[in-house]
Amino acid sequence: MNPAKMDMRHMNVTRLIIVAVGGQGNLLASRVLGEAALLADIPVRMSEIHGMAQRGGVVESAIVFGNARSTIISDGEADILLGFEPSETLRAMNKCNPNTVVITNLSPLPPFTVAIGKGQYPDLHLVQSIIRRKTKKLIAINAVELAKEAGNVLAVNMVLLGALIQTGILPVTIDNVKEAIKTRIKAAFVKINLKAFDLGFQSAQKN
Amino acid sequence: MHKLLTQEPGKKLLLLGNEAIARGAVEAGVALATTYPGTPSSEISANFFNIAKESPLYFEYSINEKVALEVAAAAANACVRSMCVMKHVGLNVAADALMTLAYVGVKAGLVILTADDPFMFSSQNEQDNRYYAKLSGLPMLEPSSVAEAKEMVAYAFELSEKLAEPVLFRTTTRINHSNEIVTLGDIITPVTTGDFPKDPFNYVTVPAVSRNLHKKLLKNLAAAAKTSEASQYNFIEGNNGPWGIVANGVSYNYARDAIRDLKIEDRVRLLRIGFSHPMPSRLVTDFLKGCEKVLIIEEGEPYMEENIKAIAQEAGLTIPIKGKAEDLFSRLFEFDPGMVRKNIARYFDISYTPVTPIDLSDIPDIAQRPPNLCAGCSHRATYYAVKKAAEGKATIYPTDIGCYTLGLLPPLSMADFLICMGSSVGTSCGFSKTTNKKVISFIGDSTFFHSGIPPLINAVFNNHNFTLVILDNGTTAMTGHQPNPGVDMDQLKCSGYGRVSIESIVRAIGVCHVEMIRPFRIKKSIEAVRKAIDFEGVSVIIAQEVCPLYAKGLKMAMGKPFYVSDKCKNHRDCINELACPAFFIENEKVKIDPDTCVGCTLCAQICPEHAILPLKEKSKIR
Ligand code: SF4
């Protein structure tokens, strides 16, 4: 790589927010991205709020690539928003601006408040049309189906990671990420996870 | 080998702040570490717990923060490098030990880590523990990044030895729970045994001794002030003026980014304070002298601001110095990069257009997703039993700190008052004395050991009248399933531990009415609770059932999932009374997610139609 280009990758700051429901594996996804940045020699800082992850609450991670010191992202300042659950993607719209690219999983996990009649789950078409209208681009995929196709529903995080990398907005390459998957994930699951990653990547291409 | 024991100086690892802190201590040759778990500090000790299994480190989960500090204080005075880790409110518990330990000092390095939690992501308050440094007269260090935290912990041990005082190390959640690339250093082999030669007239703090020790503390404090002046952790960036910014901790990162984004590098000098007590007055004076106007950026209380204004007054400087103000920074919650950028621009009058946020006004209301007790959590069953048994009675439910605090939320609504660890029991004494309501309080096993025992003794001695429910699920679930004295350590494949029975303690205290229940036997449990609440005086119910998340982690046998059969008449008692996260509604019918259900049988027992049945094959629904 030529040094000038490398410098740009360091100088430019790319801000990514990931939102998910506890148990969806988004912390692993952010670790993989962090590891990929380490491999690519890109400065990376991430923060996460996971106190209640195992109690079904919302888990949010912020990942800042490039030459910044902050580990969190202010409202309106995300370059990309990746949502593991459609209503959570919509809830995180405060992080977006008109130039944000949004990627969302389309399979809903309604919160139990819906079951006890304490709230409404938003209509999926509405979710998509709102996000599409207000941001630069929406990539919406059914990550659960693709994960099943790859061989394990738990690979939703890798499907979404694939879609995320396809956008080309992050300063890490496909190879960096695949390498990171191999180091962060147990050998027995690597194949399925890589397949899930590829399926997500392809599906974002078609989107 | 544990990754934090890696012997490869120069190797780069992506580490969580709490991992970096543990690694820093390992590199400094820490030989003894103690803690009581508390978010956001918990992963530091979780790592110590595992590191201790394969290295000379001695680590213990102490019963509470005060005991943890006492254990570490003794070790450090026996010449063994020690560390004591806690969340910010833990230091309140340890404060009694801290204040006089400052008089006594240490021989080997002692680092006391306090993890503050601005915004209260997982805490009951957002107190600013920098004031503990001022109150105790002890030095305080505050890192701004994960990588710096590792270096600073190692430095803290040296500083502690140099000053012969414990060092307070303050983090905030965004340090503990951020990840960054960290470069490993050398590991010093820990020295695990030392000696404590008798010297009672310097160590037994009777008034005559303490009068001398206080003089010694002030001398040490003066030495600390000198060290702070020259510390590499207090530094000035940018030689230009005329604007000055002072920042600490993560605020420093936001300030650095803002200065770059606003392109004002040539107009600003930035003073970063990392050695924050004592403040480096001379350095601050010199800094102020080069500025026309100064902005102080610190989360929490105006600790630096008060100090700096006092320093300016001494130096006869009258430049504007601002930090906390209506139109600038708040004492509330955490800061973020955008807020800091905006306030810097406003204060120094720099033109700046923030990004246009998107219009959120037409986004529909989205059902909230509060955290919830897990599927199969025994606390749900105990709450249900108490609710049924107390039906028709006017009640007050003082509660305590743990997963069970989530019982606050509807539909359980089983929490009325909470201030701190152990307060369920102490406040029950006051409520039962001063109201005519039936007081039933809840406390978990770990919290009972931490600070529930003295108030229970108080209740028996002073003859109070309430029912205490001890929710014993065999682990400290909330903070990540750490052991406590009631835990069977064999389950964790750990040997060499004792075990303390809660029932024996309660009986030994002299509680006359004790009921043992298995909450998933719901009818019997309701009966037992009824008897306990009818008892005049102090009664205790001990609800024993293992936390299913813990059991799952240990690969213990779990129940088989249940399903809702077509006997269901859709009155939805199950969902509406239990709100178990395994339930969902599909086509207006109640369903159970077989992947979430752990077969606790609670809903099957309360369904009036007996419609909830064990699932034979998983394919039946879905
Ligand atoms: S972790 Fe254990 S105690 Fe906590 S809510 Fe889940 S099941 Fe209950």
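Numbers restart at 1 for each chain; the letters A, B, ... are given by sequence-line order, proteins then strands.
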Please state whether the side chain, the backbone, both or neither of [X] comes within less than 4.5 Å of a heavy atom of chain A.
X: B:V250; result: neither
X: B:F119; result: neither
X: B:P410; result: both
X: B:N176; result: neither
X: B:C377; result: neither
X: B:T173; result: side chain

Please identify, among A:N97, A:T100, A:L90, A:T135, the residue contributing the most non-hydrogen atom pairs under 4.5 Å to chain B.
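Option with the greatest count: A:L90.
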Do you know which of A:R45, A:K95, A:M93 has the most heavy-atom pairs with chain B at a distance under 4.5 angstrom?
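Highest number of heavy-atom pairs under 4.5 Å: A:R45.
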Close side-chain approach of [X] to [Y], heavy-atom, < 4.5 Å:
X: A:M46; Y: B:H177; value: no
X: B:C374; Y: A:R55; value: yes
X: B:E334; Y: A:I72; value: yes
X: A:R69; Y: B:R260; value: no
X: B:L14; Y: A:V44; value: yes
X: B:P337; Y: A:I73; value: no
X: B:R369; Y: A:S87; value: yes

Enumerate the side chain to side chain donor-acceptor pair (under 3.5 Å) contacts for residues 572-581 of chain B, please, sequence neighbours excluded, ordered by first and then second residue.
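Those involving residues 572-581 of chain B are B:K388-B:E577, B:N570-B:R572.
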Decide, yes or no, whether a salt bridge links A:R133 with B:D359 under the criterion of side-chain N to carboxylate O below 4.0 Å.
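Here A:R133 does not pair with B:D359 in a salt bridge, since their nearest N and O are not under 4.0 Å apart.
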Would you call A:E77 and B:R341 a salt bridge, using N to O less than 4.0 angstrom?
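Looking at B:R341 together with A:E77, the answer is yes, because their closest N to O distance falls below 4.0 Å.
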Between [options], the one whose heavy-atom pairs under 4.5 Å with chain A are most numerous:
options: B:I585, B:I181, B:D257; value: B:D257
options: B:D336, B:N179, B:L13, B:N253; value: B:N179
options: B:T356, B:V355, B:I366; value: B:I366

Between OH of B:Y252 and OG of A:S70, what distance do you get to the nearest 0.5 Å?
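If I round to the nearest 0.5 Å, the distance is 11.0 Å.
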To the nearest 0.5 Å, what is the distance between CE on B:M339 and CG on A:D75?
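Taking CE in B:M339 and CG in A:D75, the distance rounds to 10.0 Å.
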Side-chain donor-acceptor pair under 3.5 Å between B:S178 and A:T71, yes or no?
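On atom types as modelled, these side chains qualify, holding a pair under 3.5 Å.
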Assess whether atom [atom1] of [X] is packed by more than 12 heavy atoms of other residues, nucleotides or ligands within 6.0 Å.
X: B:D365; atom1: CG; answer: no
X: B:K12; atom1: NZ; answer: no
X: B:K589; atom1: NZ; answer: yes
X: B:E237; atom1: CD; answer: yes

Proximity breakdown for A:I130 and chain B, heavy-atom pairs closer than 4.5 Å
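The side chain, not the backbone.
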Hey, which residues of residues 111-127 of chain A are touching chain B, say heavy atoms under 4.5 Å apart?
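Listed by number, the contacting residues are A:P111, A:F112, A:T113, A:V114, A:A115, A:I116, A:K118, A:G119, A:Q120, A:P122, A:L126.
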With side chain to side chain contact (heavy atoms under 4.5 Å, CB included) as the criterion, how do A:R91 and B:Q368 come out once you've worked through the C-alpha distance, each side chain's angles and the decisive distance to 0.1 Å?
CA-CA 9 Å; A:R91 206 196 303 275; B:Q368 292 301 309; 3.9 Å; yes
